[in-house]
Protein chains: 2
Amino acid sequence: MNPFLKNDINIFKNLSESEFIELKSVFSYRKYLKKEFIIKEDAAVENIYFISSGLVKLSYFDNDTNEFILSFAFENWWETDFSAFYNQTKAALTLQCLEDTEVYGLNFDDYFLILDKYRLSNYFLDKSIRGHIASQKRILSLLTLKPKERYEQFLQLYPSINQRIPKSVLALYLGVSRETLSRLYRKSKK
Amino acid sequence: MNPFLKNDINIFKNLSESEFIELKSVFSYRKYLKKEFIIKEDAAVENIYFISSGLVKLSYFDNDTNEFILSFAFENWWETDFSAFYNQTKAALTLQCLEDTEVYGLNFDDYFLILDKYRLSNYFLDKSIRGHIASQKRILSLLTLKPKERYEQFLQLYPSINQRIPKSVLALYLGVSRETLSRLYRKSKK
DNA sequence: ATTAGGGTGTGACCGAAATCACTTTTATTT
DNA sequence: AAATAAAAGTGATTTCGGTCACACCCTAAT
């Protein structure tokens, strides 16, 4: 198993080497290529995914035409369509790779199994609360900031992924048109 | 202790009567009047609050002038400035009563204490994930819907609190001006 | 019954961003 | 290297929602 996942979990719970080998067996490793879908709309959402390398986008399509991006996820993030996974319903969101990406999947039953067996509830609770806090920041950003300010906030918050995604994709995340973003970009440079 | 909290927790973990009496002692009950602040900007955030009755708004003020509402919270919801509580920093948000409100406060140390002592991690994990899912829905609503559609979605989602708040306050939540909301309102009636 | 204040409705005007249309630049593929 | 596709820049036009200004409630207090 990728060392990242081990290090990440160990922040909260020091498992012995043997416990870790045991735990590792419940995860399913898979590699996806750029543009491949990890979760497709209307498909069942079997897993929650730990991204060990690469970059993905979680998005929603209205009327299967216009795309909107809920979040990017990269190294050491857990991601899935939480609503669909947690309620075991069909995916309303899609999860697609912006780069070649390696993931460790954890299915519904195993998720609840390991919560108790390895006392990982507090680990996931921490992840979830931080995710919740990040979502609230995003809501405030959408409510309070103008496109230009949102763009600048994004640059500050995620300087690394800004380099890794096309501007047209970033526009889908910021909630502005491609053209408007392009014009802002010029202005904030000088 | 208010029966609501007990019923809510019991969904996840059946505590004995004596355990419950023990647990109850860590909560601090308090009653607030309409317009009172439970959390004030820049103050320390001691507690996470379980709302047992009433209605509150969680909001952000930019430059201490313009208000934006992150969420409403009412009976059976847990609410606080999570970022400030969890990181033990000063409040960036305010929590203010829209009605007379009764809360049960739980402080930082006790929170982590009872997570383990009463095995409540899974209970709070569930709450947190559902909160996270709700936040994501809100983000999508802001990204994909026009003001009129957001208003209609709100009516559908929270028909009860729509009756309990002024339209001008709802506008702060929907991210539109008071005037625009007023005009939409007329249009969607006919 | 008069006043004051919170909440709401509505017209006029303005501006930021969407949309449309097209060009230019940069990557990928063969 | 040529061809094709993807991404980005830019002008012209339109539109939705914000802002300003003021009128009209309705309830509670004097």
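Here is the naming used below: chain letters follow the sequence lines, and residue numbers restart at 1 for every chain.
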(request) Specify the separation, in whole Å, of atom CZ of A/Arg150 and atom P of C/dA17. (result) 8 Å
(message) From CD of A/Glu149 over to P of C/dA16, roughly how many Å is that when rounded to an integer?
(response) 12 Å
(request) Quick one: which residue pairs count as a salt bridge (Lys or Arg N to Asp or Glu O under 4.0 Å) with a foot in residues 131-147 of chain A, not counting sequence neighbours? (result) none
(request) Figure out the NZ/P separation between B/Lys35 and C/dG7, and round it to whole Å. (result) 6 Å
(request) Rounded off to whole Å, could you give me the CG-to-C1' distance for the A/Leu184 and D/dT10 pair? (result) 14 Å
(request) Starting at atom CZ of A/Phe68, determine the distance to atom P of C/dA18, rounded to an integer number of angstrom. (result) 11 Å
(message) Could you work out, with side-chain hydrogen bond (donor to acceptor under 3.5 Å, both in side chains) as the rule, every residue matching B/Ser121, not counting sequence neighbours?
(response) A/Asn122
(request) Could you identify which residues of residues 160-171 of chain B place a heavy atom less than 4.0 Å from some atom of DNA chain D, listed by residue number, or say none? (result) none
(message) How would you summarise protein contacts on nucleotides 19-30 of chain C per nucleotide, using B for base, S for sugar-phosphate only and - for none, with heavy-atom distances below 4.0 Å?
(response) BBB---------
(request) Name all residues meeting the side-chain hydrogen bond (donor to acceptor under 3.5 Å, both in side chains) criterion together with B/Tyr158; count only those two or more places apart in sequence or in a different chain, and write none if there are none. (result) none
(request) Using five pairs at either end of the helix from C/dA1-D/dT30 to C/dT30-D/dA1, determine the angle between the two local helix axes and round it to 10 degrees. (result) 40°
(request) In whole angstrom, give the distance that lies between atom CG of B/Leu181 and atom C1' of C/dG9. (result) 12 Å
(message) In this structure, how many angstroms lie between the P atom of C/dA16 and the CG atom of A/Leu145, rounded?
(response) 16 Å
(message) Please enumerate all residues that pass ring-ring contact (aromatic ring centres under 6.0 Å, His included) together with B/Tyr60, with sequence neighbours excluded.
(response) none
(message) How many whole angstroms separate atom NZ of B/Lys148 from atom C1' of D/dT15?
(response) 16 Å
Mind listing the side-chain donor-acceptor pairs of residues 162-173 of chain B below 3.5 Å, one per line with the distance, residues two or more places apart or on another chain?
unit_1, atom_1, unit_2, atom_2, d
B/Arg164, NE, B/Glu99, OE2, 2.8
B/Arg164, NH2, B/Gly54, O, 3.3
B/Arg164, NH2, B/Glu75, OE2, 3.1
B/Arg164, NH2, B/Glu99, OE1, 2.9

(request) Report the residue from B/Tyr49, B/Tyr104, B/Phe124 that forms a side chain to side chain contact (heavy atoms under 4.5 Å, CB included) with B/Trp78. (result) B/Phe124
(request) Taking only Lys NZ, Arg NE, NH1 and NH2, and the carboxylate oxygens of Asp or Glu, determine whether B/Lys117 and B/Glu22 approach each other closer than 4.0 Å. (result) yes
Side chains of residues 41-48 of chain B: which donor-acceptor pairs under 3.5 Å do they make with residues two or more places apart or in other chains?
unit_1, atom_1, unit_2, atom_2, d
B/Asn47, OD1, B/Asn107, N, 3.2

(request) Would you mind listing every salt bridge (Lys or Arg N to Asp or Glu O under 4.0 Å) that reaches into residues 52-63 of chain A, with sequence neighbours excluded? (result) A/Lys57-A/Glu67
(request) Please identify each residue that fulfils ring-ring contact (aromatic ring centres under 6.0 Å, His included) with B/Phe37, with sequence neighbours left out. (result) none
(request) Sequence neighbours left out, what pairs pass ring-ring contact (aromatic ring centres under 6.0 Å, His included) with at least one residue falling in residues 128-148 of chain B? (result) A/Phe82-B/His132
